[in-house]
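All figures in this text were calculated on a predicted structure; none of them were measured in a lab.
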Amino acid sequence: MTTTRKSIYLASPLGFAESTRGFMQSLIATLSGVVDVLNPWDDTSFAPAMEAAHALTDINQRRAAFHAANIGIGGKNEAMIRTADMLVAVLDGIDVDSGTAGEMGFAYGLGKQVFGLRTDWRMTGDNEAAGVNLQLRYFIEKSGGAYATSVDEMTRLLRER
């Protein structure tokens with residue numbers, strides 16, 4: 001019996017800061033034991049366009065260059081989400097990253113299972129039952145996904161899918 005491994009899109013802000021990139025790599029290594037991980041941070045094809053935009057001094061040219069790069073990155077992420085079987089969102093922080101929240105809503109709208117990983121112990125969300133913003137928790141649960149508070153728990157949940 002051959003089983004096809006499922007794939008996840010890893011939605012997170014972890015690539016923005018040097019302080020979180022190590023956790024991102026560790027998380028990917030762990031999750032890769034049970035699923036194929038599509039990580040949008042692995043695609044650096046837009047880095048030259050972003051660097052070029054930063055260097056522009058004319059504000060209109062700079063905005064146009066950033067807009068083109070932004071649209072390209074958004075489209076690339078959309079395609080990756082469409083390709084993935086499921087989405088896993090890292091929900092750490094005092095508030096969930098807005099891009100991560102958008103990706104969760106998009107995946108839910110496509111009918112994909114959405115999983116939330118929150119290893120941050122601080123209280124956030126609308127009340128103690130939500131864990132995070134109640135709308136995001138709704139997307140997670142109604143999609144057939146699950147909410148986890150540790151990487152080990154998330155790994156177990158994905159292994160069961």
Side-chain angles (χ1 to χ4, degrees), residues 5-32 35-126 130-140 142-143 145 147-149 151 154 158:
R5 281 171 54 104
K6 294 206 174 190
S7 63
I8 63 154
Y9 176 92
L10 182 60
S12 83
L14 299 175
F16 284 115
E18 186 176 339
S19 62
T20 54
R21 287 186 203 121
F23 175 70
M24 178 174 63
Q25 293 309 316
S26 173
L27 177 61
I28 291 168
T30 301
L31 296 182
S32 291
V35 292
D36 293 330
V37 178
L38 304 175
N39 180 22
W41 292 103
D42 289 341
D43 183 345
T44 59
S45 62
F46 286 93
M50 294 298 271
E51 289 173 22
H54 276 288
L56 293 170
T57 55
D58 178 273
I59 189 67
N60 292 324
Q61 289 177 348
R62 184 179 168 103
R63 285 180 180 153
F66 275 129
H67 182 262
N70 294 345
I71 294 298
I73 293 167
K76 173 210 34 123
N77 292 350
E78 175 189 352
M80 289 178 76
I81 293 168
R82 287 182 183 279
T83 300
D85 296 308
M86 304 175 285
L87 180 137
V88 171
V90 177
L91 306 175
D92 290 343
I94 196 64
D95 197 18
V96 174
D97 174 73
S98 58
T100 300
E103 290 166 327
M104 291 174 72
F106 182 66
Y108 174 80
L110 292 174
K112 296 181 184 283
Q113 284 186 309
V114 177
F115 293 81
L117 172 63
R118 182 167 176 82
T119 65
D120 194 333
W121 57 267
R122 295 173 290 179
M123 290 287 293
T124 187
D126 300 288
V132 292
N133 175 281
L134 67 83
Q135 187 65 61
L136 298 179
R137 189 65 182 257
Y138 173 86
F139 289 152
I140 291 166
K142 287 300 184 176
S143 74
Y147 180 83
T149 57
V151 174
M154 179 59 67
L158 292 174

Participant: Is the shortest side-chain heavy-atom distance between Val96 and Leu136 below 4.5 Å?
Facilitator: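 Side chain of Val96 against side chain of Leu136, heavy atoms only: contact under 4.5 Å found.
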Participant: Locate the shortest heavy-atom distance separating Asn39 from Met24; write the atom from each residue and the value.
Facilitator: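 Result for this residue pair: ND2-SD, 3.6 Å.
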Participant: Hey, is the main chain of Asp85 close enough, under 3.5 Å, to the side chain of Ser7 for a donor-acceptor pair?
Facilitator: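 Present.
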Participant: For residues 130-139, which residue pairs pass the side chain to side chain donor-acceptor pair (under 3.5 Å) check, not counting sequence neighbours?
Facilitator: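 Qualifying pairs: Arg137-Glu141.
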Participant: Against Val37, only a single residue in Val88, Ile28, Leu158 fulfils side-chain contact (heavy atoms from CB on, under 4.5 Å); can you say which?
Facilitator: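 Output: one option passes, namely Ile28.
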Participant: Quick one: pull up CG in Asp92 and CH2 in Trp121 and give me the separation to the nearest 0.5 Å.
Facilitator: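 Between atom CG of Asp92 and atom CH2 of Trp121 there are 12.5 Å.
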Participant: Applying salt bridge (charged side-chain N to carboxylate O under 4.0 Å, His left out), name anything that partners Asp42, two or more places apart in sequence or on another chain.
Facilitator: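 Salt bridge (charged side-chain N to carboxylate O under 4.0 Å, His left out) list for Asp42, sorted by chain: empty.
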Participant: Can you name the residues that form a side chain to side chain donor-acceptor pair (under 3.5 Å) with Ser32, not counting sequence neighbours?
Facilitator: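 Expected list: none.
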Participant: How far does CG of Leu10 sit from CG of Leu38, to the nearest 0.5 angstrom?
Facilitator: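 Atom-to-atom, Leu10:CG and Leu38:CG are 9.5 Å apart.
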Participant: Is any side-chain heavy atom of Tyr147 less than 4.5 Å from a side-chain heavy atom of Leu117?
Facilitator: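 SC-SC contact between Tyr147 and Leu117 ruled out.
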Participant: Let me confirm one number: the OG1-CE distance from Thr44 to Met50, rounded to the nearest 0.5 Å.
Facilitator: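 If we round to the nearest 0.5 Å, Thr44:OG1 and Met50:CE are 12.5 Å apart.
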Participant: Output every pair passing side chain to side chain donor-acceptor pair (under 3.5 Å) with a member in residues 56-66, not counting sequence neighbours, ordered by first then second residue.
Facilitator: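 Passing the test, one end in residues 56-66: no pairs.
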Participant: To the nearest 0.5 Å, what is the distance between OH on Tyr9 and OG on Ser12?
Facilitator: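 Atom-to-atom, Tyr9:OH and Ser12:OG are 8.5 Å apart.
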Participant: So which heavy atom on Ala11 is nearest to which on Thr100, and how close?
Facilitator: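 Looking at all heavy atoms of both residues, the shortest contact is O-CG2, 3.8 Å.
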Participant: Taking only residues at least two apart or on different chains, which pairs with a member in residues 105-118 satisfy salt bridge (charged side-chain N to carboxylate O under 4.0 Å, His left out)?
Facilitator: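 For residues 105-118: Arg118-Asp120.
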Participant: How far does CD1 of Ile94 sit from CE of Met123, to the nearest 0.5 angstrom?
Facilitator: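 The CE atom of Met123 is 10.0 Å from CD1 of Ile94, to the nearest 0.5 Å.
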Participant: Check whether any side-chain heavy atom of Met86 lies under 4.5 Å from a side-chain heavy atom of Val114, and answer yes or no.
Facilitator: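 Answer no - side chains too far apart.
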Participant: At their closest point, which heavy atom of Thr20 faces which heavy atom of Leu14, and how far apart are they?
Facilitator: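 Smallest heavy-atom distance, with atoms named: OG1-O, 2.7 Å.
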Participant: Kindly indicate whether the side chain of Arg21, heavy atoms from C-beta on, has any atom under 4.5 Å from the side chain of Glu18.
Facilitator: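 Sidechains of Glu18 and Arg21: in contact.
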Participant: Does Trp41 use its side chain to pair, donor to acceptor, with the backbone of Pro13 at less than 3.5 Å?
Facilitator: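 No; zero donor-acceptor contacts below 3.5 Å.
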Participant: Quick one, Ile8 and Asp36 - any side-chain contact, counting heavy atoms below 4.5 Å?
Facilitator: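 Of all side-chain heavy-atom pairs linking Asp36 with Ile8, none is under 4.5 Å.
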Participant: Considering only distance and modelled atom types, tabulate donor-acceptor pairs under 3.5 Å from the side chains of residues 67-82, sequence neighbours left out.
Facilitator:
from	atom 1	to	atom 2	distance (Å)
Asn70	ND2	Phe66	O	3.2
Lys76	NZ	Pro40	O	3.2
Glu78	OE2	Arg82	NE	2.9
Glu78	OE2	Arg82	NH2	2.9

Participant: Return the CG to CZ distance between Leu91 and Phe115, rounded to the nearest 0.5 Å.
Facilitator: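 The distance works out to 12.5 Å.
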Participant: Check for a donor-acceptor pair, side chain of Thr119 on one end and backbone N or O of Thr149 on the other, with a separation under 3.5 Å.
Facilitator: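 No: the side chain of Thr119 does not pair with the backbone of Thr149.
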